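Report on one structure; see the data block that follows.
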Amino acid sequence: MQYLLLIYNDAEKLKAADPAALRQGYQAWLQATEQSGKLRATGGWPTRITTVRVDEGKTLTTDGPFAEAREGVGGFCVIEVASHEEAVAIAAGIPSAAMGAVELRPLSAR
């Protein structure tokens, strides 16, 4: 089963983190997840965010995230695993899990 992992970072904790240690933690996680054959896709910190809504047939766009929050999306991964428990274990290894959150969403095959 495939899961989308949305990575959220607490802005204050991210500022306080050691950039070199954070980079090293992500590199180690990516290498281990790629070598296990479970990583399907990944994307990093967005530099431009646009929210799109359609209201009565009219497309409306807003620069920035949908809602103001202490934690912002820092990236995403798609993994393929045998169980929800395995997805949780992989998500727990993402460095941002210790300074924000990682949200797991199962993906449906179409």
Side-chain angles (χ1 to χ4, degrees):
M1 168 168 256
Q2 288 192 341
Y3 283 85
L4 171 65
L5 281 56
L6 291 173
I7 302 165
Y8 295 89
N9 293 303
D10 180 304
E12 294 301 315
K13 290 181 180 179
L14 188 59
K15 283 182 196 175
D18 174 17
L22 186 59
R23 188 172 36 258
Q24 184 178 31
Y26 264 99
Q27 287 172 342
W29 180 86
L30 279 169
Q31 183 178 18
T33 308
E34 284 176 336
Q35 287 178 348
S36 73
K38 297 181 186 327
L39 186 65
R40 296 293 176 257
T42 188
W45 285 253
T47 57
R48 180 176 181 189
I49 300 170
T50 302
T51 299
V52 178
R53 293 181 183 84
V54 177
D55 185 14
E56 296 181 9
K58 183 177 179 184
T59 301
L60 307 170
T61 61
T62 305
D63 288 336
F66 173 70
E68 295 296 322
R70 189 184 81 202
E71 295 174 342
V73 175
F76 75 92
C77 296
V78 175
I79 59 171
E80 189 163 341
V81 293
S83 69
H84 181 76
E85 292 75 20
E86 188 177 8
V88 169
I90 289 172
I94 297 174
S96 290
M99 69 175 97
V102 178
E103 182 177 286
L104 292 107
R105 295 185 182 212
L107 298 175
S108 304
R110 295 200 184 249

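Model, not experiment: these values are computed from the prediction. Both backbone and side-chain heavy atoms feed into the values below; hydrogens, waters and symmetry mates do not.
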Next item on the list: For residues A97 and A91, report the shortest heavy-atom separation together with the two atoms involved.
Entry: CB-O, 3.8 Å
Notebook entry, point to check: Checking side chain to side chain contact (heavy atoms under 4.5 Å, CB included) for the pair L22/L14: CA distance, chi angles, key distance, verdict?
Noted result: CA-CA 9 Å; L22 186 59; L14 188 59; 3.6 Å; yes
Margin query: Tell me the closest heavy-atom pair linking L6 and Y8, and the distance in Å.
Written below: O-CD1, 3.6 Å
Check: How far apart are the closest heavy atoms of L104 and V88, and which atoms are they?
Finding: CD2-N, 4.0 Å
Item checked: side chain to side chain contact (heavy atoms under 4.5 Å, CB included) partners for D55, two or more places apart -> L60
Checklist line | side chain to side chain contact (heavy atoms under 4.5 Å, CB included) partners for V52, two or more places apart | finding: T50, T59, T61
Check: In Å and rounded to the nearest 0.5 Å, what is the SG to CG distance from C77 to L39?
Finding: 5.5 Å
Note to self: Using the salt bridge (Lys or Arg N to Asp or Glu O under 4.0 Å) criterion, which residues pair with K15? Sequence neighbours excluded.
What the structure shows: E12
Next item on the list: For R40, enumerate each residue passing the salt bridge (Lys or Arg N to Asp or Glu O under 4.0 Å) test, keeping only those at least two apart in sequence or located in another chain.
Entry: E80
Next item on the list: To the nearest 0.5 angstrom, please state how far the OG atom of S108 sits from the CE atom of M1.
Entry: 6.5 Å
Next item on the list: Sequence neighbours left out, what passes ring-ring contact (aromatic ring centres under 6.0 Å, His included) with Y3? Give chain and number order.
Entry: H84
Note to self: Strictly by salt bridge (Lys or Arg N to Asp or Glu O under 4.0 Å), give each pair with a member in residues 86-108 just once, sequence neighbours left out.
What the structure shows: K38-E86, E103-R105
Note to self: Would you compute the distance between atom OG1 of T33 and atom CD1 of I79 and round it to the nearest 0.5 angstrom?
What the structure shows: 7.5 Å
Next item on the list: Work out which heavy atom in P95 is nearest to a heavy atom in G25; give both atom names and the distance.
Entry: CG-C, 3.5 Å
Item checked: Student check: side-chain heavy atoms of Y26 and T42 closer than 4.5 Å -> no
